[in-house]
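Beneath this line is the structure, given in structure tokens, with notes to follow.
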Amino acid sequence: MALRVGVIGGGQLARMMIAPAVELGLELRVLAEGEGMSAGLAATAVGDYRDLETVRAFAADVDVVTFDHEHVPQDVLRQLVADGVVVHPGPDALQYAQDKLVMRARLAELGVPQPDWAAVRTTTELQAFLDEHAGAGVVKTPRGGYDGKGVRVVRAAQDAHDWLEALADGEALLVEELVPFVRELAQQVARRAGGEIVAYPVVETVQRDGVCAEVIAPAPAAAERLTEVAEAIGRTIAEGLGVTGMLAVELFETDDERILVNELAMRPHNSGHWSQDGAVTGQFEQHLRAVADLPLGSTAPRAAWSVMVNILGGPVEGTLDERFGAAMAEHPQAKIHTYGKAPRPGRKVGHVNVADDDLDDAVYVARAVAAHFD
Ligand code: ADP
């Protein structure tokens, strides 16, 4: 019987595991949050991932549980493990992707380079941190943030007073130095339970309005030292936190060529979509291999350059399908991935990958495809 992999969460990441699961001979099951989700093509259950009994019933019919997002509560995950369910990544690892304060404290123990940071509960504590950091900082809610929501640049403690006032007993906000980065990078690695690790080349990510807009793989003009340091950071974190599956480490590069860890994701990640068409083993296949405890695949690039551009929102006129058709006709070398989502301003509804030996050509074509959807 085929190994059954259960994915909690029905978004586009679960959706993009479907094709590689078929190729690997795995049976993919999805616990989707609602009907008509992106991964609805494979959804076998619909229910609330915060409800223990719902998740238990789903897990009872699979051999390994993994995730499309990091939001399954710790108590639910720990009960699954106590029930004997195989969970990858497990709750011990996942806590560091669920809570940015817990992550910062652990990365400090591991000696991983990161921005200066503090946990703050009051305007006095926050102001003290700002005073030590040239009067500026980035305040973050430790849990539940995504796409820049829950992140605020502050110049005075008063700028975050609403968040501080909303804190419950025992809660704190994370404040970080405002890093003067020259660009953002991402390092992905995959790790199996037995310890085997493979690393992808470090990539450059370009954000617009807090959302990843483009990725270039590998990161252009990356010095050998930078590539090695990024890979070493990825490996250290995967091993140190006991991550199983794909790990994405978001990084800042500073003008003095330091790299600092911004945050972690323990699942396939937007920064790795390029690998679907630009690497021997795409990140969705790699994640499945890792969580199913199969040998990991080669991460070697298939072309000198890969460019990924997110397709956001959707056309003001006409339908997404019409735009996809037109873009495919005009750019046959582009690989367009659709998420089956209704268009909404700012919503990711797909992405395009272009692999080419010429970076400018790849950027041009990928942007031209995405422009069909403006
Ligand atoms: P999210 O969890 O919403 O993705 P992030 O922590 O990744 O939030 O922050 C979103 C963006 O805000 C980052 O991609 C970066 O551009 C900016 N940012 C975050 N932290 C800092 C920092 N310490 N210094 C400068 N910019 C930051």
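Start at 1 and go down the list; that is how both ligands and their atoms are numbered. The first residue in the sequence is number 1, and the count goes up from there.
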| message | So is F181 touching ligand 1 or not, going by heavy atoms under 4.0 Å? | response | yes

| Using heavy atoms and a threshold below 4.0 Å, how should the contact between V179 and ligand 1 be classified: side chain, backbone, both, or neither? | both

| request: Output yes when the distance from some N or O of ligand 1 to some N or O of K100 is under 3.5 Å, and no in every other case. | output: yes

| request: Using a strict cut-off of 4.0 Å, indicate which atoms of ligand 1 neighbour a heavy atom of E177. | output: 22 (C), 23 (N), 24 (N)

| task | List every atom of ligand 1 that sits less than 4.0 Å from any heavy atom of E250, numbering the atoms from 1 in the order shown and giving each element. | result | 7 (O)

| query | With a 4.0 Å cut-off, would you call R152 and D162 a salt bridge? | reply | yes

| request: Just jot down the ligand 1 atoms closer than 4.0 angstrom to any heavy atom of F252, in number order. | output: 15 (C), 18 (N), 19 (C), 20 (N), 21 (C), 22 (C), 27 (C)

| request: Using the six-membered ring wherever Trp is involved, compare the ring planes of H331 and H372 and label them parallel, tilted or perpendicular (cut-offs 30° and 60°). | output: perpendicular

| Are T123 and E125 close enough that a side-chain donor and a side-chain acceptor fall under 3.5 Å? | no

| request: Would you mind finding which of V153, D116, V139, V151 brings a heavy atom closest to atom 8 (O) of ligand 1? | output: V151

| query | What part of N262 sits under 4.0 Å from ligand 1 if we count only heavy atoms: the side chain, the backbone, both or neither? | reply | side chain

| What atoms in ligand 1 come closer than 4.0 Å to a heavy atom of L178? | 24 (N), 25 (C)

| task | Decide whether Q187 and E231 meet the rule of one side-chain donor and one side-chain acceptor closer than 3.5 Å. | result | no

| side-chain hydrogen bond (donor to acceptor under 3.5 Å, both in side chains) with Q283: which residues, sequence neighbours excluded? | Q188, H273

| Just going by heavy-atom distances, which of K140, R208, E263 is nearest to atom 4 (O) of ligand 1? | E263

| message | Need the ligand 1 atom indices (1-based, order shown) with element for anything under 4.0 Å from a heavy-atom of E184. | response | 13 (C), 14 (O), 15 (C), 16 (O)

| query | Tell me the ring pair (Phe, Tyr, Trp, His ring centres under 6.0 Å) pairs involving residues 27-59, sequence neighbours left out? | reply | Y49-H69

| Distance-only donor-acceptor check, side chains D83 and Q79, under 3.5 Å | yes

| Any side-chain donor near an acceptor of the partner, T319 and D321, under 3.5 Å | no

